[in-house]
Amino acid sequence: KFHVMSATGGECFASLDSALGGGSLCRGIPEAMSRLIESGKPDLVIISGAWTLYAKRFGMNRVVANLQQTAQTLRSRGIPLLVLGPTIEYPGSLPSMLLRLHIRGATPVSDQLVMRSIFDLDAQMKAELASQPGLTYLSILEAACPQKQCPVTLPDGKLLVLDNRHLTLEGSRYMAN
């Protein structure tokens, strides 16, 4: 049986440290996470995020250092951390991109649609986080994109993402398998 708690905000960096905040909503996330952890002592904390956005906004070195600090804080409380790496990301709205290709009669090709920089970001995160005690790094891209070839749509033709990176319900189920 799982008890799931969530502390999130649009484009907010999920961390126990408010140094990488954003707007007023984001500044409250670390405190909310701490309260949830203290009140329910979870068996595991999972952090996922818009890693390309955070890397641009804060610099990847600060993001990694913050995740390492969060892992250390959680480890001191006996709580392991799972960091989910970048997911498949596109430079614009995938539905719009696919519609434009369809109108032109072109076939969607992963190499031409997927942001290639996400693979470098994933490799950097894995290299810097994988050996951190108390932290497990899971590369979504390694699982979903063999030989860096990512699906553009699901096998049944349904959309994988709603926009440039947020998975549809079907896309979430596909990625979980």
Task: I88 vs P151 side-chain heavy atoms within contact, under 4.5 Å - done: yes
TODO: Considering non-hydrogen atoms only, spot the tightest contact between P95 and L162 and give its length.
DONE: CG-O, 3.5 Å
- [ ] Measure the shortest side-chain to side-chain distance between Y174 and T153 over non-hydrogen atoms and say whether it is less than 4.5 angstrom.
- [x] no
TODO: Kindly compute the distance separating CG (L84) from OG1 (T136), expressed to the nearest 0.5 Å.
DONE: 10.5 Å
Open item on the list: Nearest 0.5 angstrom please: D43 CG to I79 CD1, how far?
Closed with: 9.0 Å
Open item on the list: Count I, L, V, M, F, W, Y as connected when their side-chain heavy atoms are under 4.5 Å apart, and connections chain through other members. Are I118 and L67 then in the same cluster?
Closed with: no
Task: Residue pair K126 / E142, side-chain heavy-atom distance below 4.5 Å - done: yes
Task: Path from M60 to I47 over hydrophobic side-chain contacts below 4.5 Å - done: yes
Open item on the list: Is there a continuous path of hydrophobic side-chain contacts, each under 4.5 Å between heavy atoms, that joins V152 to I140?
Closed with: yes
Open item on the list: With rounding to the nearest 0.5 angstrom, report the CE to CD distance, M33 to E38.
Closed with: 12.0 Å
Task: Check: K158 and T168 side chains under 4.5 Å, non-hydrogen atoms - done: no
Task: Close side-chain approach of L160 to L167, heavy-atom, < 4.5 Å - done: yes
Task: Distance in Å, Q124 CD paired with S117 OG, rounded so as to fall on 0.5 Å steps - done: 11.5 Å
TODO: Give the minimum heavy-atom separation between K148 and D111, together with the two atoms involved.
DONE: O-OD1, 4.2 Å
Open item on the list: Taking R116's backbone N and O only, do any of them form a donor-acceptor pair with D120's side chain (distance below 3.5 Å, no angle check)?
Closed with: no
- [ ] Might you point out which heavy atoms bring M115 and P91 nearest each other, and give the distance in Å?
- [x] CG-N, 3.5 Å
Task: Non-hydrogen atoms of M125 and V83 that approach each other most closely - done: CE-CG1, 4.2 Å
Task: Residue pair Q68 / V64, side-chain heavy-atom distance below 4.5 Å - done: yes
Task: Interatomic distance, H166 atom NE2 to S93 atom OG [nearest 0.5 angstrom] - done: 12.0 Å
Task: Student check: side-chain heavy atoms of P86 and R165 closer than 4.5 Å - done: no
Task: Check: S110 side chain, C150 main-chain N or O, donor-acceptor pair, under 3.5 Å - done: yes
Open item on the list: Taking V114 as the starting point, is it possible to reach L99 by hopping between hydrophobic residues whose side chains are less than 4.5 Å apart?
Closed with: no
Open item on the list: Hydrophobic clustering (ILVMFWY, side-chain heavy atoms < 4.5 Å, transitive) - are Y54 and L135 grouped together?
Closed with: yes
Open item on the list: So which atom in F119 and which in L141 form the shortest heavy-atom distance, rounded to 0.1 Å?
Closed with: CD2-CD1, 4.0 Å
- [ ] Compare all side-chain heavy atoms of T70 with those of V45 and state whether any distance is below 4.5 angstrom.
- [x] no
Task: Which atom of I46 lies closest to which atom of L44, heavy atoms considered - done: CG1-CD2, 3.9 Å
Open item on the list: Rounded at 0.5 Å granularity, tell me how far CG in L82 sits from CG in L74.
Closed with: 11.5 Å
